[in-house]
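Worth saying up front: this structure is predicted, and the values here are computed from it rather than measured.
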Amino acid sequence: MIRVAKTAGFCYGVSRAVDGVYTEIEKKNKIAVLGPLIHNRQVIEDLAAKGVYSYDSVSDIPEDCTIVIRAHGVSKDIYDAIGERKYIDLTCPFVSKIHRIVSDYYEKGYKIIIVGDKNHPEVIGINGWCGGKALVINDLNDEIDRNFADENICIVAQTTINRDFFGQIVQNIKKTCKSTLIFDTICNATKDRQKEADELSRISDMMIVIGGRESSNTRKLFEISKHNCPVTYHIETFEDLPQEKTYNKIGITAGASTPGSIIEEVVKAMSENLKNEESFAELFEQYESKTLNNGDIIDGKVVEVRNNEVIVDLGGFKYNGQLSADQLTDDPSLKPSDIVKEGDTIKVYVVGVNDGEGKVVLSRKKLVAMESWNKIKAAYEEEKILEGKIIKAVKGGVIALTDGSQVFIPARQASGRFVQDLQSLVGTTVNYKIIEIDERRRRVIGSVRVIIEAERKEKEDKFWADAEVGKKYQGTVKSLTSFGAFVDIGGVDGLVHISELSWNKIKHPSEVVKEGDVLDVYIKDLNTETKKISLGFKKIEDNPWTIAQSKINLGDTVKCKIVRMMPFGAFAEIMPNVDGLIHISQIADRRIGKPEDVLTIGEEVEAKVTDLNWDEKKISLSIRALIPTPEEPEIEETPVEPQKAETLVYSTDPDVEVEEEIEIEPAEDNIEDAAAEKAEVEETIEVEPEEAADAE
């Protein structure tokens, strides 16, 4: 069995250069190449037969010839030497990129290190863009120049160098140099070709590597294959094929400068020795490029998943396809490895051939978007609810990703309420409806708000059908104002007034609740016409007056604190939020002008509960009631002896005196009357002198 590597043959840079020269030949233009066009003897001989020769220097090229700069590229000095002469620049885009890197960083003061063969024309050209001052390393044992050790280092690679070897060299350099800037400039086609040669040689009994003896990349393929398969041959044409028995499993690969015609001849020669029924056409089809057009949709197999791209086997096409991360998905949070893995078969859209890299550029995102567009249109027509992930915030709204399609959701439609920071929505998953679609511009506008409002309307209708005063709900605090908190109780918002949030006096609702809190509330009042709902939150059992009623009784002596003064008395706090009044007449045992004459704010006193009115939340207190009154002196009661009343009886005769004794019994009533009369007599009446005279 013969297996031909799909990557065998011309790379993009070589193909571009060869095609460019042959195009000039067809135009009958007289051209000359600065150095061998490619490292392939057969091609060079064919060009010479057509009158196209290569020269070592610009001065050697005849003046009537257009100068051709080959794929390997040249140094800056060569461009200066060409000057005003006509030339065609066929430098490989990959090599041109290295020229720019070296030139830019050399001007910034970096020391340049090139990993590659110092005698290879590509490396010579690269070195010419830093004045020939680069350090070229092609051996693991090469020592770093001391002048480089303490400098900023820029490392580049020859496009055809072995990737593993490049990695080892870089590690050695980093051990010596403190500051390194590394550019992996190995051609992607070279990486793929080397990778396929490694895989093919591991399963083959014999490996045939086709390419020129001077071809650096062909030698690398030979080294890789030889390492895995001892029976490996490096040939230039079918004439160099070994004359030995045919092995059961034969692998064939070719360098980047090997024409397809030579590969065809080798495969044909090998096929003649096959013992099975495989035809040459079937074998050659394994390597021959299929024709792909922009817009083609094909199935491919994932052969490698990298950090920023996925390599896809297109099933017979000469080059593997390149699917960059940004063409895999619109979701920036996902890496390629989150979406696909090696061995997966995926459907891809052919964007075209990347002129800079010589690869088939693919897009899965375009294909998915095309497929999802029909779903989007159907969802719009059927008013279906879609699910999307917000991937970014843009001016005036956000972008939602659904099945590969980007849907614009305006800021006012992104939520059921105003969202100040749209960036806060990025990364969230939302349900939305398509409210507008522009097929010509393929623009879609969605709305989260219409779904929220529809759900709210349904909840509102259900709420008002069952709502009644006293009904209890568990609600969520939606927003706070200076006068209270709005609570969602099932699609409808009710207001818990600030006075209803706490039995204590608070200045702002945030002292008690915050947005998102879940509260147990009940309807205090509702108006079906204005759709306004007042909610209660305070629990009756937490009412301080209810608590006080269970603890305070008439006649109790309580400790309290003076909290405020009034002209008619002082208010004292008996317990939190329960005050009693001490009337000015009950503050002291004497008459006072104002409460402040005796009491001070904050002073703690004891008072007697003299009156309770729980309905009106009034408690009367008295300090005076607890002040003891002075004791009155005791009066001894002396027994009253019977008295004799003398009655004088006057006679008309002056010489006769008549006496008559009458006994009078004392009585308690008489004693009391006497005491009362005595008190009246003892009451002093001040009389002015003039009035006294008159009285006399």
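With sequence neighbours excluded, no residue forms a ring-ring contact (aromatic ring centres under 6.0 Å, His included) with Tyr380. Among residues two or more places apart in sequence or in another chain, the salt bridge (Lys or Arg N to Asp or Glu O under 4.0 Å) test is passed with Arg412 by none. Evaluation of the ring-ring contact (aromatic ring centres under 6.0 Å, His included) rule for Phe571 yields no partner, not counting sequence neighbours. Under the side-chain hydrogen bond (donor to acceptor under 3.5 Å, both in side chains) criterion, Ser424 pairs with no residue, sequence neighbours left out. Every residue two or more places apart in sequence or in another chain that forms a side-chain hydrogen bond (donor to acceptor under 3.5 Å, both in side chains) with Arg449 is listed here: Glu453. With sequence neighbours excluded, the residues satisfying side chain to side chain contact (heavy atoms under 4.5 Å, CB included) with Ala325 are Pro336.
Asp466 has no carboxylate O lying under 4.0 Å from a charged side-chain N of Lys462, or vice versa, which leaves the two without a salt bridge. Remark: Asp338 does not engage Lys335 in a salt bridge, criterion side-chain N to carboxylate O under 4.0 Å. By the 4.0 Å N-to-carboxylate-O rule, Glu616 lies close enough to Lys618 to be salt-bridged with it. Residues Asp589 and Arg624 are not paired through a salt bridge, judged by the lack of any N-O separation under 4.0 Å between the basic side chain and the carboxylate. Of the charged side-chain nitrogens involved, at least one lies within less than 4.0 Å of a carboxylate oxygen, so that Glu309 and Arg306 count as a salt-bridged pair.
Aromatic rings from Tyr522 and Phe537 are positioned such that their centres are separated by 6.0 Å or more.
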Side chain to side chain contact (heavy atoms under 4.5 Å, CB included) between Val487 and Lys478, intermediate numbers included: CA-CA 6 Å; Val487 179; Lys478 300 301 290 293; over 6 Å; no
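More than 12 non-hydrogen atoms from other residues, nucleotides or ligands lie less than 6.0 angstrom from CG of Asp597.
The aromatic rings of Phe463 and Tyr473 are tilted relative to each other, their planes meeting at an angle between 30° and 60°.
Looking at Asn152 and Ser179, their side chains do bring a donor and an acceptor atom within 3.5 Å of each other.
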